[in-house]
Amino acid sequence: LLMALRLLLHVAVLRLGTTRPLVQGLGFREPAVAWPSFFHLNSPLEVQETRQIPKNGSAPLLVDVQVFVSNVFNVDILRYTMSSMLLLRLSWLDTRLAWNGSVYPRRMVTLPWGSLWTPGLTLQEALWVDWQNQSPQARVDPDGHVELYLALTTETNCDFELLHFPRDQSDCTLSFYALSNTAMELEFQPHVVNEIVSVKREYVVRDLKTQVPPQQLVPCFQVTLRLQNTALKAILALLVPGEALLLADMCGGLLPLQATERTAYKVTLLLGYLVFHSSLVQALPSSSSCNPLLIYYFTVLLLLLFISTMETVLLAGLLARGHLRAKSSPSPAPRGERQDPGHPGPNPEEAPRGVKGSWSSWAEAADHTFFLVYVAGMVCSQFVFAGLWMWATCKSDPAPGEAAPHGGQPRL
Ligand SMILES: *[C@@H]1O[C@H](CO)[C@@H](O)[C@H](O)[C@H]1NC(C)=O
Ligand SMILES: *[C@@H]1O[C@H](CO)[C@@H](O)[C@H](O)[C@H]1NC(C)=O
């Protein structure tokens, strides 16, 4: 890097050296007055001077920043990252670069990177930053207004709101710091423009904001992007199968308790759901706090299916035991057959009516009650989750640095 910088400086100085004869060749008569003061620099100290930040008395130099957000792509909620393409237009006033416009009639001059002071920007949340032009050129007008364009592609870390996944909406912040200057020397005035034209994305940028965080030691500006997940895929792929399984399980409760298919049906459903559940939990993001509501929802669904399968197995087991006991101690007279005539039952042994009748009627009554309670519980859980979805908000735990007794950022 040092080598590259040196090379850059060298090239810049070389260019300074070569500019003078070039401009002279263009035929300006009074070069000593006409040239931009920039080209007067003959001692290395003066060259160094233009690379220092312009002074503005005791007030900080104001640098106007326009952030054009041209694309947001590859939002990865499982890795907490977001990739974006930005164009920054920085402009400020450096009177040392001004020249007499009536003598040197050029509207603009282009100066190479490294030959004048430019704010060096560091992006705090970035995993990587790709500055598309390694040596961008600055444009200067006769009054000394400098304009510099920087295009970058970056992948940044973002604190996604997980509770409402897959309908989440999160604020992702990009903090730009000029680490080589202090807040006394430099102040940013940021603005942001939404230039996103491609909209075929799961995540849509709903809002853009900029702010200058107060009381920073280092000049800083922040761009906040409000991202909203509009993916229908997750809803179709997650909610619909879950609801369908729950409904199928409820319908399984309508099968008669004596039917052996009922146990097989419920166990198959439970197995299928277990497979679905394990792949689903992998697909959902998770964190130390504010996990997606869907995780709880699907776990409650799993519990409901489990309870209903257990109930079927238990009652079927009790019923079979009743049959066995009735077989081993046959009762004398068959009393009133209280089994539901609509469901004759597949059991071929209809033998001892008395005991079997009371057992099966007891089991059926219990099954019926359970079915009603189960349906009520299911409907209730749906409403509870719908309410939570609508109104619940989750406040994340503070970041580890903020939670520490002397943590957080240094303040002025
Ligand atoms: C210098 O500071 C003053 C007061 O903050 C401001 O109005 C002016 O625009 C600044 N000049 C430059 C060149 O930044
Ligand atoms: C610019 O140059 C012209 C011609 O030499 C001179 O008359 C004028 O005063 C100069 N203007 C400034 C602002 O120095």
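For the single chain, residues carry numbers from 1 onward in sequence order. Read the numbers this way: they start at 1 and go in the same order the structure lists the ligands and their atoms.
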query = Any luck finding a side-chain donor-acceptor pair between T173 and Q222 under 3.5 Å?
reply = no

remark   = Quick note on ligand 1: atoms under 4.0 Å from a heavy atom of A59 include exactly 2 (O), 5 (O)

task = Starting at CG of L61, measure out to CZ of F188 and round the result to the nearest 0.5 Å.
result = 9.5 Å

request  = Classify the angle between the aromatic ring planes of H277 and Y273 as parallel (below 30°), tilted (30 to 60°) or perpendicular (above 60°).
outcome  = tilted

ask   = Going by the order shown, which atoms of ligand 2 are within less than 4.0 Å of some heavy atom of V103?
value = 1 (C), 2 (O), 3 (C), 4 (C), 5 (O)

Heavy-atom side-chain proximity of R206 to T230 below 4.5 angstrom = yes

query = OG1 of T268 to CG of D249: how many Å apart, nearest 0.5 Å?
reply = 11.5 Å

ask   = Can you say whether the rings of F160 and Y203 are parallel (under 30°), tilted (30 to 60°) or perpendicular (over 60°)?
value = tilted

key: Atoms of ligand 1 close to L61 [distance to a heavy atom under 4.0 angstrom, numbered from 1]   = 13 (C), 14 (O)

ask   = Which atoms of ligand 1 have any heavy atom of N56 under 4.0 Å away?
value = 1 (C), 2 (O), 3 (C), 8 (C), 10 (C), 11 (N), 12 (C), 14 (O)

query = Taking distance alone, with no angle check, do L62 and ligand 1 share an N/O pair under 3.5 Å?
reply = yes

task = Find all atoms of ligand 1 within a distance of less than 4.0 Å from any non-hydrogen atom belonging to L93, and give their numbers and elements.
result = 13 (C)

Numbered atoms of ligand 2 (with element) below 4.0 Å of S102, judged on heavy atoms = 1 (C), 2 (O), 3 (C)

